[in-house]
Amino acid sequence: MEENTNDIFKSQNFSASIKESGLNDFIFLIDLKEDTCSISDECVKFIKFPSANFSNAIQTLTSIVHVDDQKLFTDCIEDLKKDSKTPKDFALECRMQATSGSYALVFLRAKYTPLPNGQAILTGTLCLKARQKDDVTGLPLEAQMVSDYNDVRRAQGSVSGFILAIRIEGLEHINASLGLEAGDKIFNVVAKTCIQTKDEQTLAYRISGNKIALLNVGGGTATDAQTLYQSLKRRISDIEFDLDYSVVFTISAGIVAFINDISELKDLIKKADFSLSMGKKSGKNNLYFFNNSEYSKHVNRLDLRDKLRDSVKNNFSGFEIYYQPVIDATDFNPKTGERKLHVIGAEALLRWGPPNSEKISADQVIPVLEETGLMAPVGRWILMKAFNQCHIWNQYDRNFHMSVNLSYVQIERSDILFDVECALEKTKVNPQNITLEITESGYIDHDELQRLFDEFHKLGINIDIDDFGTGYSNLRYIQNLHANTLKLDYSFVHKAVMGKDGDSERRVIEHIINMAHDLGMKVCLEGIESESDVEILSKLKPDKYQGFFFGKPVSSYAFLDKNKQYFRDNAPEKSDEPEEL
């Protein structure tokens, strides 16, 4: 009786005819005459064969070979058939579609054997080539993730699924307190938990830093990713319980889901990283779903960062100082017959923008400068420009003062005292005409801040507390810093003149003004927008006003053109052009 291929596949002779296979090696047999194939049951779990035994073998195998490798595969088979009576060795490396939907690199090593009955068989092993893996977790690395994703995208044209990016929170503390080996063990535990929890359509990778990415390219949804994350959290909690909470850690995660996407994987990883960072901001042990609107803001912020860095390198091109007038409130009373509008100073406000485009305000620019470390050089530039402008305008009013905001990052990360002294020396401005403003809500060591401000006072410089009432400081703290002026935030003023609780808000403002006066300080009310605001607030006897009613922030040229006539001294006009330093 003739021996069929299935019998040959099961026989000891067949097993002995090939070398001992490793963990990634799977036995196969192809009957070229009958066009049938038998493959190890275990291999079907990894490679997308229809079953362990199937017919129409060559066409089926060709269909799961990567399109770029199909010609190589079919040419090798045809070469075997040309001299059908001669035994020969067969070896081929190609990519085959895995059950996950990606492509696996395989090495086919076999022996072509003609049989007496006219049959010809190909017997050998299919070896899954080892992928580059992380030493700690055994997970494939990001490069493999890119390769797997691109294989699916090339084969299908687009990809649907999700990336669940995971970060272990508390790992830094574990490394510091228990050692790197303990941290590696925890990372390994989380990696194994991911492998045990995910389904076959989802692959796990270690990506940059202490992060794991679970990639699904088989049509998984955001809901599937959320369910997977919740399962991981429960398992992590069980692990902590089993360890008697001797080691405590959690996992934060970000999800980006995609449907029929043609993006590069690097773009999706950026979105997953963004989601992960947003998840951490909202609290550790949290999950964040990718939000395209927030991501667009993030991308715009990165773009702004790069442009600001270029501007700083290009001699601060695009940066400009705008000036908003500060008014003497004691001389401005709308109920008197003659109005006296005295511009006693200006606040220097940073603006930035490319040439011939609208300028961007400081509240958008300053946070980016602080994050990138650019606040120190830009802060020095602001001091120099504002001090010099004050020196020029003192030609018109010898007592005109200039207010300059100090960033807390600028105070902490630069030698601010030295920077101020240099600006004073170079511009020759009178220190008594300079006011440095800090926001009450900023945080810095109070003793250090008091020491710094004592040095400023020795130089003759004034100190104002900006946005008073929005932070947590008290008047005792303000008094210790020897503040000259409290600037009440516009939100106070707006409620006092517009809100239904205006009476109570005005009483609060009046109380603050009286207390400040008792402590030898002045009060500036910000956010004055109309004449009625002045009529209401003048009864509270503030010292200064600032707001759009008196003037919006404008360039130095526009400020002088509009306000020169209101300077106290009103000296003869000199050059309007600021002196270059």
Side-chain angles (χ1 to χ4, degrees), residues 321-330 342-350 362 366 379-394 396-408 410-411 416-417 419-442 444 449-450 452-468 473 478-490 513 516-517 519-528 542-547 550-551 553 556 559 563 567-569:
I321 305 296
Y322 276 24
Y323 301 90
Q324 185 174 31
V326 177
I327 307 300
D328 186 347
T330 61
H342 283 159
V343 178
I344 58 176
E347 181 177 359
L349 299 167
L350 182 66
I366 295 295
R380 287 191 287 269
W381 180 85
I382 293 172
L383 290 172
M384 203 70 71
K385 287 291 184 181
F387 285 17
N388 186 57
Q389 190 64 66
C390 182
H391 176 64
I392 293 170
W393 285 340
N394 285 152
Y396 303 94
D397 183 347
R398 67 178 63 91
N399 294 314
F400 184 92
H401 74 265
M402 182 69 69
S403 297
V404 181
N405 290 281
L406 292 184
S407 158
Y408 270 85
Q410 186 182 2
I411 293 174
I416 187 63
L417 180 60
D419 292 343
V420 169
E421 289 175 332
C422 286
L424 290 173
E425 174 64 26
K426 195 162 187 178
T427 62
K428 307 302 181 184
V429 70
N430 185 345
Q432 294 180 352
N433 291 338
I434 295 298
T435 298
L436 299 178
E437 295 186 9
I438 65 163
T439 56
E440 178 204 1
S441 55
I444 196 171
L449 193 62
Q450 185 169 337
L452 177 63
F453 284 4
D454 286 343
E455 295 297 325
F456 286 151
H457 283 297
K458 289 178 183 178
L459 295 174
I461 291 176
N462 300 302
I463 301 296
D464 284 3
I465 306 300
D466 197 14
D467 296 338
F468 181 77
S473 300
I478 301 300
Q479 185 185 29
N480 289 340
L481 292 180
H482 308 297
N484 298 89
T485 302
L486 301 182
K487 299 185 73 173
L488 267 63
D489 183 65
Y490 73 92
I513 291 174
H517 287 169
L519 293 171
M521 292 181 285
K522 295 181 178 180
V523 174
C524 177
L525 300 184
E526 297 184 288
I528 306 299
D543 303 283
K544 306 174 188 178
Y545 291 130
Q546 191 174 340
F550 303 105
S556 59
F559 184 93
N563 298 300
F567 287 5
R568 287 187 186 276
D569 296 344

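Rounded to the nearest 0.5 angstrom, Ile416 CD1 and Arg380 CZ are separated by 9.0 Å. We find the CD1-CG distance between Ile411 and Leu449 to be 5.5 Å, quoted to the nearest 0.5 Å. Put simply, CG on Asp454 and CG on Leu459 are 11.0 Å apart, with the number rounded to the nearest 0.5 Å.
Asn394 and Asn430 share no donor-acceptor pair across their side chains, judged by distance under 3.5 Å alone.
The aromatic rings of Phe559 and Trp393 lie parallel to each other, their planes meeting at an angle below 30°, with 60° marking the opposite boundary. Ring-plane geometry between Phe550 and Tyr545 is classed as parallel, the angle between the planes falling under 30 degrees on a 0 to 90 degree scale with a further cut at 60.
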Report task. Decide side-chain contact (heavy atoms from CB on, under 4.5 Å) for Met521 and Asp543; before the verdict, give the C-alpha distance in whole Å, the side-chain angles of both, and the deciding distance to 0.1 Å. Result -> CA-CA 10 Å; Met521 292 181 285; Asp543 303 283; over 6 Å; no

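Counting heavy atoms from C-beta on, the side chains of Leu424 and Ile461 come closer than 4.5 Å. Within the 4.5 Å cutoff, no side-chain heavy atoms of Thr485 are placed close to those of Phe468. Between Thr435 and Asn484 the shortest side-chain heavy-atom distance does not fall below 4.5 Å.
By the 6.0 Å contact criterion, CD on Glu455 is enclosed, its count of non-hydrogen atoms from other residues, nucleotides or ligands being greater than 12.
The two residues Phe387 and Val404 come nearest to each other via the heavy atoms CE1-CG2, 4.0 Å. For the pair Gln324 and Gln546, the tightest heavy-atom approach, listed with the atom from each and the gap, is OE1-NE2, 3.2 Å.
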